[in-house]
Amino acid sequence: MLFCRLLPTGFLLLSATALLTAQPAGAALASQPTQKAVQGPTQTGRVDSAAFLAAVVATHNGDDVQAAQSFRAASAADPANPELIRQAFVRSVLAGDPEAVTLAARNEKLPGGQTIISSLVLGNDAAARGDWKTAASFYRKAEADPMAHLIMPLLQAWCAQAQNRMDEAINGLTRTQGSVLVPFYTTHAALIAQVSGNASRAGDLFAQAAKLMPGYDLLLTRSHAAWYWSQGQQSKARDLLRGMIESDPILALAGKQLQAEISHFPITTAQQGLARAYVLTAFLLRQQSRQQEQERTAANQHAPTDHQFDEASRLMLGFALGLDPRLAEARLMLADIQDDEGHHDAARDTLLRIPPTSPLAPVAAFKLALADNTTDHLEEARIKLTQLVQDNPDQLLPVRVLGNTLAALKDWKGALAAYNKAIELNKAHNKKDDWSLLFLRAVTYHEMDDWPRAKADLKTALALVPNEPLVLNFLGYSMAERREDLPEAERMLRHAVELDPHDAAIRDSLGWVRVEQGDLKEGTALLEQAAEQTPEDPEVNYHLGEAYWRAGRHSEGVDQWNVALGLKPEPRDEALIRAALARAAAAGDKKAEQIQQAPHPSPSEVQAQGKHTP
C-alpha cells in the first residue's frame with residue numbers, strides 16, 4: 001500500500017459550438033456566454049433518440065469519430081434541425097471526416113450559418129482539390145476573426161505559392177513586424193522559396209528565421225538541416241539536428257530516425273504548408289490556454305476555460321489532418337489534448353494512427369506507453385518501453401518510465417534494475433544525483449523489505465532536497481512503521497505538514513507517529529481528518545481503528561478495521577488488519593470475531609459502518 005499511497009497521481013476562440021453561432025466574426029469573443037458542449041435537439045421533426053444519445057456519450061468520451069457519425073445519423077432523421085446540423089458539422093471537423101465539407105455547405109445555408117469554421121472547411125476543400133483561387137476567397141471570409149487574422153498571412157501565402165506567385169507570398173509574410181509570429185512567418189517564407197525552387201532565397205530566409213526563433217523549432221530545424229544537406233553541407237546539417245535532439249529528451253528517442261531523414265524537407269507542397277499553419281494555430285491556442293489560466297488565477301477574473309481552448313485546438317488539428325492525414329506532429333498534439341481532457345483511450349487511438357514509418361514513431365511509441373500506463377495496459381507499456389530501451393540504450397527517460405511500469409506491475413526486481421540503470425545514466429549525463437530517482441529506488445527497496453538500502457537512498461535524497469514533503473513523509477512514515485527514532489520521525493513529518501498542510505497522506509503519517517508515541521488525542525484527531533479526506537484508503541482506516549482501539553473505543557475501532565478490510569487493501573495491509581481483528585477477537589470482542597468468520601464485505605456494505613469524520 002505504501003508505494004501507491006506515497007506517490008502522487010501526476011489568443012482567443014470560443015468552443016466549437018460557440019463558433020457556430022451567428023455572432024459577427026469580429027465579436028468580442030471573450031465576453032460571449034459559454035454554450036454547453038452539446039445541446040439537446042430542438043424538435044422540428046422525427047428525432048432519432050438513440051443516435052442523439054450515442055452522439056452525446058461519444059462526445060463525453062472524446063470519441064469524435066463516433067460522435068460525428070451519430071450526430072449525422074440524428075441529423076439525417078431530422079434534416080430541418082439546425083442544431084443537429086451544426087453539431088454534426090463540428091464533430092466531423094474534429095474527426096477530420098470528409099463529410100465536414102458537405103455539412104459546411106449545408107450549414108452556410110442556415111440563417112446565420114456562415115461562420116469562421118465553415119469558411120475554413122470550404123477553403124481547405126478547395127485547396128485539396130487544387131482550386132487555390134477559390135480557397136483564398138473562402139479564407140478571406142474568416143480574416144476578421146482575431147486568431148484567423150493572425151494565421152491568414154500563412155493561408156494566403158500558400159495559396160499564392162500554389163498559383164506560382166512566390167514573391168507575393170514571401171512578401172506577404174516578411175513585411176509583418178512586431179508580431180510573436182514573425183519567426184514562424186519567416187520559416188514558412190523560407191519553405192515557400194524552397195518549394196518554389198529558389199534554394200538561395202530559402203537559405204537566407206532559413207538563417208533569418210533561426211536568428212528570430214527563441215528556441216529550437218522542429219519544423220524550422222528539420223527544414224534548415226535539409227537545406228544544408230541539399231547544399232552539400234552535411235556536417236552543418238547533422239550538427240544542427242543533433243543540437244535540437246539533445247535539447248529534448250523525448251525527441252531524442254527519435255534521434256536516429258530524424259538523422260536518417262535529414263535530407264527530406266518536411267513540407268514539399270502547398271497543401272502540406274496549410275496543414276502546418278493549422279498546427280501552429282493549435283500550438284498558439286495551447287500556449288494561450290496556459291497563459292490565460294495563470295492570469296485568471298492571479299487576478300481572479302473570468303477567462304475561457306481550458307476546455308474551450310482545447311476544443312478550438314482540436315478543430316485546428318482536425319483541419320491539419322484533413323489536409324495531411326500522415327502529419328505526426330498534429331496527432332501527437334491531439335493525443336496530448338485528449339490525455340489532458342481525461343480521454344485516455346481516445347489518445348491511444350490517435351497515437352496508433354501515426355504511421356510506423358514516420359520519423360516521430362518512437363515518440364509516439366513512448367507516449368503510447370504512457371497512455372498504456374494510465375489505462376492499465378501495463379503489459380503493453382512494458383513491451384513498448386523495453387523495446388525503446390533496447391533501441392536507445394543511452395537515453396534516461398525510457399529506462400526511468402520502464403522502472404515505473406515494472407513497479408506498477410510489482411516486478412520489484414525488474415524495477416530495481418531499471419532504476420539502477422537510470423541512476424547510472426543520470427550520473428553519466430548530468431554528473432550529479434537526481435533525488436527523484438533515489439526516491440523511486442528507495443520505494444522499490446522498501447517493497448523488497450530491504451530497509452537499510454531504502455533508508456540510505458532516502459537520506460541521500462533528503463540531503464539534496466531537505467524541503468521535499470514526499471521524501472520527508474516516506475522516510476518519517478517508514479521509520480514510524482518500524483518504531484525507529486520516533487521523535488526524529490515526528491520532526492520530519494511535522495516539517496512535511498508545514499510544507500504541504502493539505503496532504504492527507506502526510507497528516508495520516510503524523511497522526512500515526514503520535515499514536516505510536518502514546519498521544520492518542522492529537523493522533524486520533526489527525527487520523528480522523530485524514531480519513532475524512534480519503535475515506536477509501538484502507539491504511540488510513542486501519543490506523544484510525546488502531547487509535548480508537550487504544551483509546552478504549554473498541555467498537556469504533558473494529559468498525560474502522562471492517563471498513564479497511566472492505567476496501568481491497570494490499571496483502572501487507574490486509575495482514576495487519578486481520579491481525580488487529582484477531583487481537584480484538586481474542587480480547588472477547590464478538591463483532592471482531594464475526595467479521596473474521598464472515599466473507600469479505602464489499603466497500604458499499606461496510607462504508608456506513610466506519611466513522612470517517614470526527
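Quick note: residue numbers are just sequence positions, from 1. All values reported here derive from a predicted model rather than from experimental measurement. Computation of the quantities below employed the complete heavy-atom set of this structure, encompassing side-chain atoms and omitting hydrogens, waters and symmetry-equivalent molecules.
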D376: what forms a side chain to side chain donor-acceptor pair (under 3.5 Å) with it, not counting sequence neighbours? none
If the condition is side chain to side chain donor-acceptor pair (under 3.5 Å), which residues does T134 pass it with, not counting sequence neighbours? D131
Pairing residues for D248 by the salt bridge (charged side-chain N to carboxylate O under 4.0 Å, His left out) criterion, not counting sequence neighbours: none
Listed once per pair and sorted, the ring pair (Phe, Tyr, Trp, His ring centres under 6.0 Å) pairs that draw on residues 337-396, sequence neighbours left out: none
Output all residues satisfying salt bridge (charged side-chain N to carboxylate O under 4.0 Å, His left out) with R242, sequence neighbours left out; order by chain, then residue number. D239
I need the full list of salt bridge (charged side-chain N to carboxylate O under 4.0 Å, His left out) pairs touching residues 207-230, with sequence neighbours left out, sorted by first then second residue. none
Among all residues two or more places apart in sequence or in another chain, which pass the side chain to side chain donor-acceptor pair (under 3.5 Å) test with T350? Q338
Any residue meeting side chain to side chain contact (heavy atoms under 4.5 Å, CB included) with Q208, in chain and number order, not counting sequence neighbours: T186, L205, L212
Can you list everything that forms a salt bridge (charged side-chain N to carboxylate O under 4.0 Å, His left out) with D125? Sequence neighbours excluded, please. R129
List for me each residue that meets side chain to side chain donor-acceptor pair (under 3.5 Å) alongside R314, sequence neighbours excluded, and say none if there are none. D64, E311
S70 and R91: side-chain donor and acceptor closer than 3.5 Å? no
Quick note, ring pair (Phe, Tyr, Trp, His ring centres under 6.0 Å) partners involving residues 255-278, not counting sequence neighbours, are Y278-F319
Using the test side chain to side chain contact (heavy atoms under 4.5 Å, CB included), find all partners of R165 that sit at least two apart in sequence or belong to another chain. A160, Q163, E168
